[in-house]
2 protein chains.
Amino acid sequence: MPPKSDLSLLNCSLARALSCVGDGWTLLIIRDAFFGLSRFSDFQKSSGVARNILARRLEALIAAGILRREGSDTRPLYRLTEKGRALLPALVALMQWGDRWESNDCPPVAVTDAEGGVVAPVRVETSAGEAVTAETVRFAAGPGADPRTAAFLARR
Amino acid sequence: MPPKSDLSLLNCSLARALSCVGDGWTLLIIRDAFFGLSRFSDFQKSSGVARNILARRLEALIAAGILRREGSDTRPLYRLTEKGRALLPALVALMQWGDRWESNDCPPVAVTDAEGGVVAPVRVETSAGEAVTAETVRFAAGPGADPRTAAFLARR
DNA sequence: TTGGAATAGTTTCATTATGCAACCAAATCA
DNA sequence: TGATTTGGTTGCATAATGAAACTATTCCAA
């Protein structure tokens, strides 16, 4: 990853998102938190990340407001905040892409709702419910665009 | 990022997905490809990534089948393959998360379809159309689960 | 109450990746 | 023909990572 300051200064939500979770281990830790893990050693065993790296990632995730430290100070629980839970669509979309393109359509993990109803492929659609594909998607300057971003997107 | 070999060996589609795109710059390059950029120097200017790093990332993305090299050998175009285009839902989901949680709900980039219809927030739903949230989502062993993964998921 | 194991880290150090700048070669422009 | 643009590569200093050893509490059990 680039130095965090650079990326988060770029006027792009994706860059800002990646400055929080754009690291190989971070999304795996968040996935484990969705799986229900909450202890340091469980995260460590599940993902195999080195302990010192895990400590730093947890610290960064707490600083970013994605995890919250709960319980005893010496043996804390790490739990997803609302901001962390809001990553579910991105996480599931990435898992599905991995299922389809890197696991031969043979998912190691099945995602369902509480009743066991299997999730459908995550899609992009308009508020009118029309599917948006790579062929039809368009990007334009949004309300938060700075002049440079606006100029760049207008040129396309 | 962890060494690519480790992550891609983990029996997890997310880990495998991240071994392709789980690097700070890679998704930005893919975003730029969705924006329509296709030249080395355009990617470089847009994201600000160092030229040597960009060269390596492009090579890795081609090796992963996400980009394809087209046109002249000395001045190639880099274009998304079908596999690359399939990343749209994950990309949009991450952008929307960044919009909501890191850009004060003021998106620098607006995503629309070809007619300008604004995209809705990407959601996870069952094939029956029921919304799946962080509170209701469940993870179970899938058809591709190895014994270790299955045991882990069963314990939860 | 004392010894052992588990938890949650921190520290150290070798290896690897990154970022910058300079350099190079082919193609294009003037 | 000479200058500029494009698409890289190379070398080097700096930063991040990974493995292993170490520390400090806490928990458990005899």
Side-chain angles (χ1 to χ4, degrees), chain A residues 1-10 15 18-30 32-33 36-64 67-79 152 155, chain B residues 1-10 15 18-30 32-33 36-64 67-79 152 155:
Chain A
M1 249 227 310
K4 177 163 295 195
S5 49
D6 291 8
L7 251 191
S8 43
L9 286 174
L10 288 179
L18 292 174
S19 83
C20 297
V21 301
D23 153 85
W25 292 119
T26 300
L27 275 177
L28 289 180
I29 294 168
I30 293 170
D32 284 340
L37 302 190
S38 58
R39 316 224 72 125
F40 186 91
S41 58
D42 288 335
F43 288 119
Q44 202 277 316
K45 271 176 282 190
S46 169
S47 64
V49 60
R51 309 169 70 74
N52 49 351
I53 305 300
L54 176 58
R56 256 191 292 179
R57 290 290 174 277
L58 290 173
E59 196 183 0
L61 284 168
I62 288 165
L67 291 181
R68 188 185 7 250
R69 222 181 141 106
E70 287 178 6
S72 115
D73 211 43
T74 59
R75 195 176 295 186
L77 299 174
Y78 297 96
R79 297 222 180 268
F152 168 74
R155 248 187 296 115
Chain B
M1 250 229 307
K4 178 163 295 196
S5 50
D6 289 9
L7 251 192
S8 43
L9 285 175
L10 287 181
L18 292 174
S19 82
C20 297
V21 300
D23 153 85
W25 292 119
T26 301
L27 275 177
L28 289 179
I29 294 168
I30 293 170
D32 285 340
L37 302 190
S38 59
R39 314 225 72 124
F40 187 92
S41 58
D42 289 335
F43 289 119
Q44 203 277 316
K45 271 177 282 189
S46 168
S47 64
V49 60
R51 308 167 70 75
N52 51 350
I53 305 299
L54 176 58
R56 256 191 292 178
R57 291 289 174 278
L58 290 173
E59 194 182 1
L61 284 168
I62 288 164
L67 291 181
R68 187 185 7 249
R69 223 181 140 107
E70 288 177 7
S72 115
D73 212 43
T74 60
R75 195 177 292 188
L77 300 173
Y78 297 96
R79 298 222 180 267
F152 168 74
R155 249 187 296 114

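So that the names make sense, note that chain A is the first sequence line, chain B the second, and so on, each numbered from 1.
Under the side-chain contact (heavy atoms from CB on, under 4.5 Å) criterion, B:D42 pairs with B:L37, B:R39, B:K45, not counting sequence neighbours. For B:R69, the side-chain hydrogen bond (donor to acceptor under 3.5 Å, both in side chains) partners at least two apart in sequence or on another chain are B:Y78. Residues that satisfy the salt bridge (Lys or Arg N to Asp or Glu O under 4.0 Å) test with A:R75, not counting sequence neighbours, are absent from this structure. For B:S41, there are no side-chain hydrogen bond (donor to acceptor under 3.5 Å, both in side chains) partners two or more places apart in sequence or in a different chain.
Rounded to whole Å, the distance from CD1 on A:I29 to P on C:dA8 is 14 Å. Straight-line distance from the CD1 atom of A:I53 to the P atom of D:dA15: 16 Å, rounded to whole Å. If you take CZ of A:F43 and C1' of C:dG9, they are 15 Å apart, rounded to a whole angstrom. In this structure, A:D23 places its CG atom 6 Å from P of D:dT17, rounding to the nearest Å. We find that CG of A:L54 is positioned 17 Å from P of D:dA20, with the value rounded to whole Å.
Atoms CZ and CG, from A:F43 and A:L58 in turn, are 6.5 Å apart once rounded to the nearest 0.5 Å. Rounding to the nearest 0.5 angstrom, the gap separating the CD atom in A:E70 from the CZ atom in A:R79 is 5.5 Å. In this structure, CG on A:L18 lies 10.5 Å from OG1 on A:T26, to the nearest 0.5 angstrom.
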Discussion item. For nucleotides 2-7 of chain D, give me one character per nucleotide, 5' to 3': B if any protein heavy atom sits under 4.0 Å from the base, S if the only such contacts are to the sugar-phosphate, - if neither.
Written reply: ----SB

Under-3.5 Å N/O pairs linking protein and nucleotides 11-13 of chain D:
| residue | atom | partner | partner atom | Å |
| --- | --- | --- | --- | --- |
| D:dG11 | O6 | B:N52 | ND2 | 3.3 |

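Two residues are said to be in side-chain contact when any heavy atoms from C-beta on lie closer than 4.5 Å; A:V49 and A:L28 fail this criterion. Inter-residue side-chain proximity for B:R57 and B:D23 is flagged as met; some heavy-atom pair is nearer than 4.5 Å.
Side-chain N/O atoms of B:R57 include one lying less than 4.0 angstrom from OP1 or OP2 on C:dT18. Residue B:W25 places no side-chain N or O under 4.0 Å from the OP1 or OP2 atom of C:dT18.
Out of D:dA16, C:dG19, C:dT10, the shortest distance to the side chain of A:R56 is found at D:dA16.
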